[in-house]
There are 2 protein chains.
Amino acid sequence: MVVEIDGMQESNLLTTLEDIGLRKTSARVAVTAQIENTSDSFTAEQLCRDLPYVGRATVYRTIRHLVDAGALCKLPILDGAPMYSIARVEHHHHTICTKCGSVGEFRHTTVERVMRSLEKEIDGRITGHRMEIFIICSKCLAE
Amino acid sequence: MVVEIDGMQESNLLTTLEDIGLRKTSARVAVTAQIENTSDSFTAEQLCRDLPYVGRATVYRTIRHLVDAGALCKLPILDGAPMYSIARVEHHHHTICTKCGSVGEFRHTTVERVMRSLEKEIDGRITGHRMEIFIICSKCLAE
DNA sequence: TGATTAGTTGAAACCTAGTATCATTTAAAA
DNA sequence: TTTTAAATGATACTAGGTTTCAACTAATCA
Ligand SMILES: [Mn+2]
Ligand SMILES: [Mn+2]
Ligand SMILES: [Zn+2]
Ligand SMILES: [Zn+2]
């Protein structure tokens with residue numbers, strides 16, 4: 001069963017940073033607010049353009065903190081900069097529209113069950129997995 | 001059922017290039033031979049280091065031709081350069097050892113079946129998918 | 001409250017991975 | 001052979017990101 005995960009839940013990235021023991025600074029307020037107001041996924045460079053008064057280094061550092069803390073997903077894009085999106089649930093996978101780049105999150109119980117069954121069959125110890133489904137999203141199909 | 005795919009089958013990357021209509025040049029002979037003699041996966045920079053007499057531009061161009069032709073897999077590594085490996089079967093997935101970086105290829109019938117079943121459930125039209133399983137390989141576990 | 005201090009910032013320099021340019025060379029057809 | 005379009009590779013450039021470090025500031029403390 002596919003469970004699509006969407007929209008604006010409480011996330012407060014700033015609190016995540018404070019919980020790690022980092023200071024509440026104006027740069028961090030600006031970066032986290034911008035991310036939370038961007039309902040879609042984004043790249044680091046987009047964030048830099050949206051926040052011209054925050055230094056590049058700080059934008060990148062803040063993103064890294066949030067990824068390390070598990071509050072942001074970093075997903076590799078084969079040609080180009082990785083995309084980031086707020087991680088609303090612990091473990092999930094992504095749909096990526098190859099036309100417009102929009103990213104969706106979902107969980108799939110059968111996939112997870114299959115993964116667990118693989119542990120007996122794969123040579124070595126499984127420590128994790130990643131899955132992306134490439135789509136043309138309904139919005140792009142409608143055009 | 002997991003089908004692990006391994007070892008040295010006939011692949012002749014050079015022939016792939018000629019089949020696309022590209023000329024047989026000494027640079028292309030060198031690059032394809034080096035790839036075929038590297039039984040493991042590799043990065044573009046590794047290949048450049050192994051072939052100091054072939055220009056960087058040519059190494060990158062040759063890799064791109066081979067990827068476009070489907071003879072090489074390009075797989076994204078979250079921090080760093082993508083890895084390449086010879087594509088021995090049409091569609092497959094990868095295991096990546098997070099310790100030594102070695103890449104394995106496998107097919108999994110159940111995963112593919114699940115993918116097809118997802119088409120009804122995901123919003124949009126599915127055009128493809130990607131899956132990587134992160135492992136500590138048996139070689140690294142043995143150390 | 002103001003003094004202290006360790007954490008934070010951001011301009012600039014740097015780095016890695018990869019692409020574009022273009023004069024020279026070469027494969028392959030004629 | 002001669003011809004010529006394709007290929008090469010040195011060099012310059014770009015994108016994405018990190019390091020450095022002097023200046024700044026948030027949080028703690030007297
Ligand atoms: Mn999963
Ligand atoms: Mn598959
Ligand atoms: Zn789309
Ligand atoms: Zn390993």
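Below, chain A is the first sequence line, B the second, and so on; all start at residue 1.
B:His93 and B:Phe106 have tilted rings, their planes meeting at an angle from 30° to 60° on a 0 to 90° scale.
When the P atom of C:dA29 is taken as reference, atom CD of B:Glu18 falls 11 Å away, rounded to whole Å. Remark: C1' of C:dA28 and CG of B:Leu17 are 17 Å apart, rounded to the nearest angstrom. Taking atom NZ of residue B:Lys24 and atom C1' of nucleotide D:dA6, one finds them 17 Å apart after rounding to whole Å. C:dA27 atom P lies 13 Å from atom CG of B:Leu14, rounded to whole Å. One interatomic measurement links the two molecules: CD of B:Glu45 to P of C:dT16, which rounds to 10 Å at whole-angstrom precision. Look at CZ on B:Arg64: it is 13 Å from P on D:dA7, rounded to the nearest Å. Between B:Ile63 atom CD1 and C:dG18 atom C1' there is a gap of 11 Å when expressed in whole angstrom units. Atoms CG (B:Leu51) and P (D:dA10) sit 13 Å apart, rounded to a whole Å.
B:Met131 and A:Ile135 fall within the same hydrophobic cluster, defined by Ile, Leu, Val, Met, Phe, Trp and Tyr side-chain heavy atoms under 4.5 Å apart, directly or through other members.
Judged by distance alone, the side chain of B:Arg28 and the main-chain N or O of B:Arg23 form a donor-acceptor pair under 3.5 Å. In this structure, the side chain of B:Thr127 engages the main chain of A:Phe134 through a donor-acceptor pair within 3.5 Å. In terms of modelled atom types and a separation under 3.5 Å, the side chain of A:Gln34 and the main chain of A:Leu51 share no donor-acceptor contact.
The listed nucleotides are D:dG16, D:dA27, C:dG18; the one nearest the side chain of B:Ala81 is C:dG18.
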Per-nucleotide protein contact along nucleotides 6-11 of chain C, 5' to 3', at a 4.0 Å heavy-atom cut-off (B base, S sugar-phosphate only, - neither), is BBSBBB
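Between C:dT19 and B:Tyr60, no contact under 4.0 Å exists linking OP1 or OP2 to a side-chain N or O.
More than 12 heavy atoms of other shown residues, nucleotides or ligands fall within 6.0 angstrom of atom NZ in B:Lys74.
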